[in-house]
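Reviewing the structure listed below.
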Amino acid sequence: MKITYCDALVIGGGLAGLRAAVATQKRGLNTIVLSLVPVKRSHSAAAQGGMQASLGNAKMSQGDNEDVHFMDTVKGSDWGCDQDVARMFVNTAPKAIRELSNWGVPWTRVRKGPHEAVINAERTTIVEDDEAHGLITSRDFGGTKKWRTCYTADATGHTMLFGVANEAMKQEVDIRDRKEVLSLIHEDNVCHGAVVRDLITGELEGYVAKGTLIATGGYGRLYQTTTNAVICEGTGQAAALETGVATLGNMEAVQFHPTPIVPSGILLTEGCRGDGGVLRDVDGYRFMPDYEPEKKDLASRDVVSRRMMEHIRNGKGVPSDFGDHLWLDISILGREHIEKNLRDVQEIAQQFNGIDPADEGAAGWLPVRPAQHYSMGGIRTKPTGESQKLSGLFSCGEAACWDMHGFNRLGGNSVSETVVSGMIVGNYFAHYCEDHEMTISTKAVHDAILKQEHYIEEILSRTEGEDIFPIKKRMQKIMDDNVGIFRNGDSLQSAVDELQELLVRSKKAIVKSKTKAGNPELEEAYRVPRMLKLALCVAYGGLLRTESRGAHYREDYLKRDDANWLKRTLTAWPDDTATLPEVSYEELDIMKMEIPPAFRGYGAKGMTIENPLSQKRQEEVDAVREKLEAEGKDRYEIQAALMDYALPLNYKEKNERLGVGYE
Amino acid sequence: MSKNESKGRELLFSILKYNPRDPESKPAFVEYRLTETPGMTLFIALNKIRDSLDADLSFDFVCRAGICGSCGMVINGKPLLACRTLTADYADGKIQIMPMPAFELIKDLSVNTGKWMEAMSKRVESWIHSNEVHDITKLEEPIDPDVADETFELDRCIECGLCVTSCGTALMRPNFVGPAGLNRVARFQMDPHDKRTDADFYELVGDDDGIFGCMSLLACEDHCPKHLPLQEKIAYMRRKLVAQR
C-alpha cells in the first residue's frame, strides 16, 4: 500500500489552496497539493470581472477604505456573516492585491487624464489624477459604495491563478494533479490526512500529514443550471461531512448570478453591468430602476436575480426554445470598451450564441437568466480556518464557511477571498502543522485505505441495478426546480423526500465497465451519493430555515427574522446509513457586532422581524463612537474599541493609500 | 441565423478510443449516432454519448466555456477547444474526434497536457525573478498602463496545447519548448516586475529546442483560441536572443 507523508496536505489547487500552500511551504513545511485537474485549469480561472480591494486609486474609488468595504460586505451578507472574519478580510485584501502585483499579475492600471465611462446609461467623462497614473485601477460592481473591483480585463481569475500557480512552482510546492480525495483519515476527532485515488491509474494511496486543508471550491454542480465548472461537485465538503465529525455551515446559502448566458449557463461577468451595461425586457425596456430606484442594475446579486425572475413572472420575459429570458445590453458601452475590457464576454457570446455584443442596438443584446453561481455554505470553521469539530482539518476559499459572506456574497469578494483566506488561513494552518506531530498508526491508515478499496470493489461487483447518470440528472433537476431562487415549504419538503429516495437508490447503481482505471462511470458511482448528501444538507437546511435572508428566499416566510434566525445552520452526518443530516444551530451574537442588524437598503422597509438586541447594540456602538470621536481617536482606534480582531504576520497593519497615507 | 437554431439532424461521431494501460486495448474508431439539439457543442455531445451510449468514454472538460484550456482535441483534422466547437458548424453532420498528438495519451480523448505544461513552465522558469523586497502595506509600484496591458495580452495563454499540437517542430522534436513556452518567455521579458535580462532568457531557450527551433510555419497562431500574437512575439524574441549568440 502506498503511503506518502508530508507536513502540510492541501486538497484543491485553485487560488485558495495554492496560496495556502505557498504560506506553508515558505515556512519550511513540506507541502503537497492534490488537485482533480492540472491546477491552472481550476475553476478560479473562470472568475472574470475582478477582485475587491479598497485601494482607492481611481477617481471613482477615492475615499474608499477598509471601513467602507466592511460595511458593504456586512450589508451584502444580510447580516449573516461573521463580522470578525469580514474585518480580517477587508484589512488583508489590499495587501493581497499588492502581493499579487509583485508576483506578476498584470492588473489594469490607472491612466491619467480624461476617459469616458457609462454611468446609469449616460456617457460621462472621468478625469484621473496625475499622481494615480500607473497604480492599480478598479471598476464598479454590484452592492458596493465605491468602484472597488480591480481587474485584468475580464480574465481576472485566469491571471491571478497563473500568478499564484507560478509562485507555488517557484517555491517548489509539490503539486500532484488528477488526484481525488475519497475520504479523510481521522481518529479521536483529529484529522491525519486523506485516502486519495489517482484518476489516471485508479490506484488508491494514503496521504498522511500533520495538518490537512481543504480548498476544493463550491458545490454548484448539485444544480442543473450553473455557471460552475464540471469539477465543482463539492467533493471536499462531502469528504468533511462523511467524517461524521466535521460540520458544514449554512449549506442552504446558495447564490444565483443574474447574468449567465442562455442556454449554456456560462457566466457573463457582473463587470458587464459594473461598466454600465443594463438589463432589458421583451419590450427592450430597462426595468431594474422601477424595482430598485437607488442601485438599479447594480443592486446585490440576490436582489437582481429575484427581480429578474419576478419580471419574467410578470410576463415580461423573452420567449425562447430554452424558456423565457431577459436581455443584457452592453452594446451601449461601445465596441472599443468591449473589445478591451470585456473580450472574454464577447468571445463567449460570439462562440456560443453567434452574437457580437458590440453590435449596436438589439442585434447585440445577450440572452440571460439567473442560475446557480456560488456556494456561501461550506466546511464550517473558526476564523482561523480550522474545523470547529475536527482538529487538524482546515478549509479556505469557497469550500469553507468561515463565514465571510453570510447569505449573499458581493461580486468581486470571492476571488478576493480565495487569496486573502489562503494568506490568513494558510498561516494559521502552518502554525498548526508546526505545533503538531503525526500520531496515527500505519494500521489505522491501512484500514482507511482498505475501507475505500472495499467500497470501490463493492460498487464494481453490483450486477443488477439502475444507471447512475439519470439519478444525478434527477438530483440536479430537483435542486433547480425546488431549491432555487424562490423557495417554499412544500417544494423544499418534496425535494428533501425525493433526494432521500435518490440517495438510497444511488448506493445500488451499477457500473457497466468493471475496470478500476479510466472508468468515468465508476467515478460517478462513488461521487453521486456524496453529492446527494450535500444536496440534502442544502434542501433540508433550507426547509428548516423559515425566514428570507439574502439569497435564501422563502415565499412562505418573506421577512428576515432576526428574532429567531440570526444563526448559522450546522449540518453533520454521523450515521452513514442515515438519509438526513443532523442539524444544529450556532447563534450570532448581536452584542459583539460592529454593525448590528439594520435595513439593507433594498425593497420595502418593514420586511424584518427585529431582534430587540439590535437596537440595544446600536445605542452602545453609537455611544462608544461618540465618546471616542470626542476624544479625538481615529477610525482604527474606534474600530478596535467596537470589535477587536486578530490577524497573523503583518496583515493587521494599516494599508497605505494615495493622498491619505495611512489615515 | 442564431447558432442555437440548428436541431434535429442525426450526427455521426467517429471517435478514436484507446486505453494504453489496458494490454487488450487496440486503438480504433468507434461510431456513435446522436440527434442534434439546438446550440449543441461538443461538450454537450460527448457528455450525451457518455451518459447514454458509452459510459466508458474518457475525455476532459472543466470550465466548458473556453477559459480553462482542458479540452483540446483534433476535430475533423483541426486542433480545437471541444467545448466551444458547435456541431452546427459541420454541414454534413460527420464529426471525427481524435486526441491531440504531442502529449501523453491517458485514455481515448484525454491527454496529459498538464504534465507537458508543467515541464515547460519549469524549464522557462515561469515566475517573476526579482530580489526586490516589497512591503505590501505600502502603495504598489506604478506600472505604465500600456506595459501592463501588453503583459496581460501575453498572459492570456490558457495552456490548452493547441499550438503545440499544431507545431511542426514540436512533433519532430519532443524537447521543443513550443509556441506556448516561447510566448511565456516573451511574457516575462515584457513584465517590468521580472528582472531577468536577455542573457538570462538566452540561457533558458537560446537553442534549437528553444527559440531557434521554430520553423515559422505559424500554425500555432492560426489555431490559438485566444488569438495570441505568437508570430510577432516569437520573431521578436528571436531577434532579441540572436544578439546574445
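We name chains A, B, ... by the order of the sequence lines, and we start the count at 1 in each one. No experiment lies behind these values; they were computed from the predicted model shown.
With chain A as partner, the option from B/Arg21, B/Arg50, B/Arg156 having the largest number of non-hydrogen pairs under 4.5 angstrom is B/Arg156. Ranking B/Asp191, B/Ile106, B/Asp135 against chain A, the residue ahead of the rest is B/Ile106, based on heavy-atom pairs under 4.5 Å. Between chain B and the options A/Lys472, A/Gln48, A/Arg178, the largest number of non-hydrogen pairs under 4.5 Å is found for A/Arg178. Interface summary for chain A: among B/Ile158, B/Asp22, B/Asn47, the most heavy-atom pairs under 4.5 angstrom belong to B/Ile158. When the candidates A/His158, A/Glu653, A/Glu524 are compared by the number of heavy-atom contacts under 4.5 Å with chain B, A/His158 comes out ahead. Of the listed residues (A/Pro520, A/Gly265, A/Ala229), the one with the most heavy-atom contacts under 4.5 Å to chain B is A/Pro520. Contacts with chain A were tallied for B/Ser70, B/Ala148, B/Cys63; B/Ser70 has the most, counting heavy-atom pairs under 4.5 Å. Comparing B/Ile136, B/Asp144, B/Asp155 by how many heavy-atom pairs each has under 4.5 Å with chain A, the most go to B/Ile136. For the options B/His129, B/Glu153, B/His227, heavy-atom pairs under 4.5 Å to chain A are most numerous at B/Glu153. Contact tally against chain B (heavy-atom pairs below 4.5 Å) for A/Ala46, A/Ala45, A/Gly104: the top residue is A/Gly104. Between chain B and the options A/Leu658, A/Asn519, A/Asn655, A/Asp177, the largest number of non-hydrogen pairs under 4.5 Å is found for A/Leu658. For the options A/Lys170, A/Lys40, A/Lys340, heavy-atom pairs under 4.5 Å to chain B are most numerous at A/Lys170.
With a 4.5 Å cut-off on non-hydrogen atoms, A/Asn57 touches chain B through its side chain but not through its backbone. In this structure, chain B has a heavy atom under 4.5 Å from the backbone of A/Thr227, while its side chain stays farther away. No part of A/Arg176 comes within reach of chain B, as not one of its non-hydrogen atoms sits under 4.5 angstrom from that chain. Heavy atoms of A/Ile348 lying under 4.5 Å from chain B belong exclusively to its side chain. Heavy atoms of B/Pro225 lying under 4.5 Å from chain A belong exclusively to its backbone. With a 4.5 Å cut-off on non-hydrogen atoms, A/Asn102 touches chain B through its backbone and its side chain both. Interface remark: A/Ser264 contributes backbone atoms only to the contact with chain B (heavy atom separation under 4.5 Å). For A/Arg657, the part lying near chain B is the backbone, with the side chain staying farther off; criterion is any non-hydrogen pair under 4.5 Å. In this structure, the portion of A/Ser513 lying under 4.5 Å from any heavy atom of chain B is its side chain and not its backbone. With a 4.5 Å cut-off on non-hydrogen atoms, B/Phe188 touches chain A through its side chain but not through its backbone. For chain B, no part of A/Val39 is nearby; none of its heavy atoms comes within less than 4.5 Å. Contact of A/Lys473 with chain B is made through the side chain alone, with heavy-atom distances under 4.5 Å. Residue B/Ser126 touches chain A through both its backbone and its side chain, counting heavy-atom pairs closer than 4.5 Å. Interface remark: A/Lys654 contributes backbone atoms only to the contact with chain B (heavy atom separation under 4.5 Å).
Taking the charged nitrogens against the carboxylate oxygens, B/Asp149 and A/Arg109 have no contact shorter than 4.0 Å, which rules out a salt bridge. B/Lys122 and B/Glu118 are joined by a salt bridge, as a carboxylate oxygen and a charged side-chain nitrogen come within less than 4.0 angstrom of each other. By the 4.0 Å N-to-carboxylate-O rule, B/Asp56 lies close enough to B/Lys107 to be salt-bridged with it. Ion pairing between a basic and an acidic side chain is recognised when a charged N comes within 4.0 Å of a carboxylate O; B/Asp146 and A/Arg111 show such pairing. Using a 4.0 Å cut-off between charged side-chain N and carboxylate O, A/Arg98 and B/Glu140 make a salt bridge. The existence of a salt bridge linking A/Asp130 and A/Lys112 is excluded, since no basic side-chain nitrogen approaches an acidic carboxylate oxygen closer than 4.0 Å. A salt bridge links B/Lys226 with A/Asp344: at least one charged nitrogen is closer than 4.0 Å to a carboxylate oxygen.
In the model, A/His133 has no side-chain atom that pairs as donor or acceptor with a side-chain atom of A/Glu128 under 3.5 Å. Judged by distance alone, the side chains of B/Thr113 and A/Arg41 do bring a donor and an acceptor atom under 3.5 Å apart. Counting only N and O atoms by type, the side chains of B/Asp194 and B/Gln189 include no donor and acceptor under 3.5 Å apart.
To the nearest 0.5 Å, atoms CZ (B/Phe43) and CZ (B/Arg64) are separated by 6.0 Å.
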- Task: Could you walk me through whether B/Lys115 and B/Glu104 pass salt bridge (charged side-chain N to carboxylate O under 4.0 Å, His left out), step by step?
- Result: CA-CA 8 Å; B/Lys115 187 174 169 184; B/Glu104 182 184 301; 2.6 Å; yes
- Take B/Arg84 and A/Glu347 through the salt bridge (charged side-chain N to carboxylate O under 4.0 Å, His left out) test and state the conclusion after the steps. CA-CA 10 Å; B/Arg84 54 182 220 187; A/Glu347 216 171 86; 2.8 Å; yes
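Relative to the ring axis of B/Tyr236, B/Lys233 places its NZ or CZ within 45° and under 6.0 Å from the centre.
For B/Phe13 and B/Tyr32, the distance between ring centers is not under 6.0 angstrom.
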